[in-house]
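One-based numbering, in listed order, for ligands and for the atoms of each.
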Amino acid sequence: MIDIESNSHVHALAFQLKKQGKSLCGDSFTMVTTDDYFICAVSDGLGSGELAHESSEAVSRIVNEHHEEDVGSLFRRANEALKHKRGATVSIFKVDFSTKQFTYASVGNVRFVLYSPSDRFVYPLPVLGYMSGKPQKYKVHTYSYEPGSKFIVHTDGLQVPGVKSLLKNNRSVEDISESLEIYTHARMDDLTYIVGQLL
Ligand SMILES: [Mn+2]
């Protein structure tokens with residue numbers, strides 16, 4: 001599955017493959033773009049198959065229904081939505097085009113890297129655990145970004161040895177996606193990534 005969001009401020013591509021032999025994907029993603037902001041969420045439901053899908057899908061639904069809210073509030077809503085479900089690891093990334101800032105928060109093993117044209121990386125360390133409706137610690141960080149910055153958000157089904165150099169050495173989102181292709185064959189898990197460029 002491939003999905004593209006594009007306007008004059010962002011160009012992003014999402015890619016997803018199910019674990020082999022499963023009818024439902026345990027990962028979910030969503031992207032919403034307005035004139036003012038871009039928001040995306042990537043989540044990995046615990047385990048695989050239907051119950052994993054139910055959890056990760058709940059996170060995407062929250063973000064779709066409340067995308068105008070800030071990341072902290074979306075995290076609280078997502079956590080609430082995961083009560084009595086299996087649970088999921090979650091990352092939410094929201095970009096404000098007018099202030100040239102973005103906010104990122106994550107629980108668990110969904111990873112995020114952003115590369116700036118001035119050769120700076122933003123590479124938040126993962127917070128261990130997962131979201132399942134229990135009181136949950138997470139850190140919401142806001143950073144500024146330079147136009148031209150490239151980013152990736154991905155689940156652990158994508159194992160790339162050099163994700164930083166991949167962002168640095170590829171000029172376009174499509175080039176990055178093409179370079180990721182070889183890492184999508186030998187997967188043992190559901191696999192989701194969003195690559196994008198802020199303009
Ligand atoms: Mn996974």
Item checked: Ring centers of Phe93, Phe102 separated by less than 6.0 Å -> yes

Margin query: Parallel, tilted or perpendicular: which one describes the rings of Phe121 and Tyr115, with boundaries at 30° and 60°?
Written below: tilted

Note to self: Suppose we only allow N, O or S atoms; which atom of Asp156 ends up nearest to the Mn ion (ligand 1)?
What the structure shows: OD1

Next item on the list: Check whether any N, O or S atom of Asp27 sits under 2.8 Å from the Mn ion (ligand 1).
Entry: no

Checklist line | Contact check: Asp190 to the Mn ion (ligand 1), N/O/S below 2.8 Å | finding: no

Next item on the list: Indicate whether any N or O donor in one side chain lies under 3.5 Å from an N or O acceptor in the other, for Ser28 and Ser56.
Entry: yes

Checklist line | Interatomic distance, His185 atom NE2 to Leu17 atom CG [nearest 0.5 angstrom] | finding: 9.5 Å

Check: How wide is the angle at the Mn ion (ligand 1) between OD2 of Asp44 and OD2 of Asp189, to the nearest 10°?
Finding: 170°

